[in-house]
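See below for the structure under consideration.
Chain letters run A, B, ... following the sequence lines, proteins first and then strands; every chain starts at 1.
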There are 2 protein chains.
Amino acid sequence: MAQSDTVDRILDAAEELFAERGFSETSLRMITSKAKVNLAAVNYHFGSKNALIHAVFARFLSPFSATLETAFDDLEERCGGNPPTLNQTLWALTESAVRMPQRNDRGISIFMRLLGLAYTQSQGHLRKFLEQEYSQPFGRFMRLLKEATPELSSVDRYWRIQFMLGATAFTMSSSDALRDILQNKTGVETSVQEIAARLVPFLAAGMQAPDKLLTPPPESKVSVA
Amino acid sequence: MAQSDTVDRILDAAEELFAERGFSETSLRMITSKAKVNLAAVNYHFGSKNALIHAVFARFLSPFSATLETAFDDLEERCGGNPPTLNQTLWALTESAVRMPQRNDRGISIFMRLLGLAYTQSQGHLRKFLEQEYSQPFGRFMRLLKEATPELSSVDRYWRIQFMLGATAFTMSSSDALRDILQNKTGVETSVQEIAARLVPFLAAGMQAPDKLLTPPPESKVSVA
DNA sequence: GTCTGTTTGAAACATACGTTTGAAGCGCGG
DNA sequence: CCGCGCTTCAAACGTATGTTTCAAACAGAC
């Protein structure tokens, strides 16, 4: 291709390997040999391994971020002044993720897994990069969530958002494995879209759970060993 | 103490470092220098780094597993034949975790964070170790969940359990950080117990969400970039 | 006190990593 | 054809890792 396809081959290989093995556990040598390029190419084109990680994220996060912004625009316009509901907000998010232009059939899975890893493998530099690069759509999502759940105290909302993020990031980060397990056990095939379709109602219900509900642990006489 | 406290010092240091940095990112040299023991001591007493990781888990998972079993025994006895409710089951679990005999004040946080990491940093050997070592209480928990949610199809239940695990593991694995953020933003202090008290209702509500509820994405005209 | 098995200690080993180097190869305008 | 950017390549560098080695220190039994 026009602009040296070496850089794309590296990004493709890195994306896939990062997704299936994590960042620290993936060496530049694995990446370059999978991409069939010279080892030095990574440092030549990207500067460092960390910069490569950033580039991998930027490649799919930037289009996603744009798609998401227009989805939120549409949503807010459609609601004309009234704040969108929780369900609508969550759907706008998952729809944007699912509709992303894919490089290949596993695109969505990789995308999800990488996002999960980003949250999970607390690589300081990655977190910083994502925060300062994509703070706008993230902040907007938070604002929409806030307007959609006015009945929650901000502390309650804070924790429940963390729970949502957790359920999402975790599930998505191992969606491939979970799908395979289910497939083996029951023969049921599951698409990422279906997982999302099950996840959203779960999240919405949890988010709107009756109350802090400080259920006293029901009279347990557990004798601690 | 009697049986060389070297091994305990190593376990203490390893536990703490693993919890705050992850497994691959923690070197044996960090561990041994924090524990003030010789580098070779790890390989002498445990055999390998992986075996050390297993030992760290076994040290708190075995008592926990025992505590959990008696909690489930109590619960089932108290229900006399009837299957315990979802709330009861979840509470039995979190109660057991919280009531664990602690080595120090941060014990619970470390415990939680390690569990989160175990699920999250897909170290093949760890997963295998945990599966074959603690399959019994885990399987029992699954059975209780199944009996507490007979209205769910097994596929629905499967996914919702994953969502619960995700919310829990993720939240717990970063509970320290999340607590600090909230503290800085609002000045509110939060104990692990309080997090659990907020998490359980969230999980229960999500688990019992109305239905698969295949909400059609509400008429979006998103133009994908 | 001496012997024996266990534990510690300092040093080295082999390997893997991210990164750098400098020469070779390439495409292209002059 | 030459010369000049950009890119590729093989090789090396420096560092960090997990693990091994073997001698010294130790503790308890006789």
Side-chain angles (χ1 to χ4, degrees), chain A residues 1-59 117-118 121-129, chain B residues 1-59 117-118 121-129:
Chain A
M1 283 287 125
Q3 182 245 33
S4 146
D5 70 342
T6 300
V7 38
D8 288 307
R9 293 236 300 282
I10 293 177
L11 284 173
D12 288 340
E15 180 176 273
E16 212 156 328
L17 286 171
F18 285 153
E20 66 189 38
R21 314 185 28 113
F23 305 112
S24 325
E25 292 78 5
T26 302
S27 72
L28 292 186
R29 284 168 173 83
M30 292 179 201
I31 295 172
T32 53
S33 82
K34 170 160 191 154
K36 294 199 178 75
V37 304
N38 189 272
L39 169 61
V42 169
N43 285 277
Y44 175 77
H45 286 286
F46 297 93
S48 72
K49 183 181 179 180
N50 280 353
L52 170 62
I53 297 178
H54 296 174
V56 166
F57 273 86
R59 186 167 66 150
L117 286 180
Q121 316 214 156
S122 58
Q123 304 250 75
H125 68 96
L126 221 192
R127 214 171 195 122
K128 217 164 291 176
F129 170 77
Chain B
M1 285 286 120
Q3 182 245 33
S4 145
D5 70 341
T6 300
V7 37
D8 288 307
R9 292 238 299 282
I10 292 176
L11 284 173
D12 288 340
E15 181 176 271
E16 212 156 328
L17 286 171
F18 285 154
E20 67 188 37
R21 318 187 20 114
F23 305 111
S24 326
E25 293 77 7
T26 302
S27 72
L28 291 186
R29 283 168 174 84
M30 294 179 200
I31 294 171
T32 53
S33 82
K34 170 163 191 153
K36 297 200 176 70
V37 303
N38 190 272
L39 169 62
V42 169
N43 285 277
Y44 175 77
H45 285 287
F46 298 93
S48 71
K49 182 181 179 180
N50 280 352
L52 169 61
I53 296 178
H54 296 174
V56 166
F57 273 85
R59 185 168 66 149
L117 285 180
Q121 315 215 155
S122 58
Q123 303 250 78
H125 68 98
L126 222 194
R127 218 177 193 114
K128 218 165 290 176
F129 170 77

Protein proximity profile, nucleotides 15-27 of chain C - base contact B, sugar-phosphate-only contact S, no contact -, cut-off 4.0 Å on heavy atoms: --BBBBB------
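- B:H45 has no side-chain polar atom (N or O) that falls below the 4.0 Å cut-off from OP1 or OP2 of C:dT6.
- For the ring pair (Phe, Tyr, Trp, His ring centres under 6.0 Å) test, no residue two or more places apart in sequence or in another chain qualifies with B:F46.
- Taking atom CG on A:D5 and atom P on D:dC6, their separation rounds to 19 Å, with Å as the unit.
- Annotation: salt bridge (Lys or Arg N to Asp or Glu O under 4.0 Å) contacts of B:K128 (sequence neighbours excluded): none.
- A search for side-chain hydrogen bond (donor to acceptor under 3.5 Å, both in side chains) contacts involving A:N50 returns A:H125, not counting sequence neighbours.
- The side chain of A:T6 places an N or O atom within less than 4.0 Å of a non-bridging phosphate oxygen (OP1 or OP2) of D:dT8.
- The salt bridge (Lys or Arg N to Asp or Glu O under 4.0 Å) search around B:R29 returns none, not counting sequence neighbours.
- Among residues two or more places apart in sequence or in another chain, the side-chain hydrogen bond (donor to acceptor under 3.5 Å, both in side chains) test is passed with A:S27 by none.
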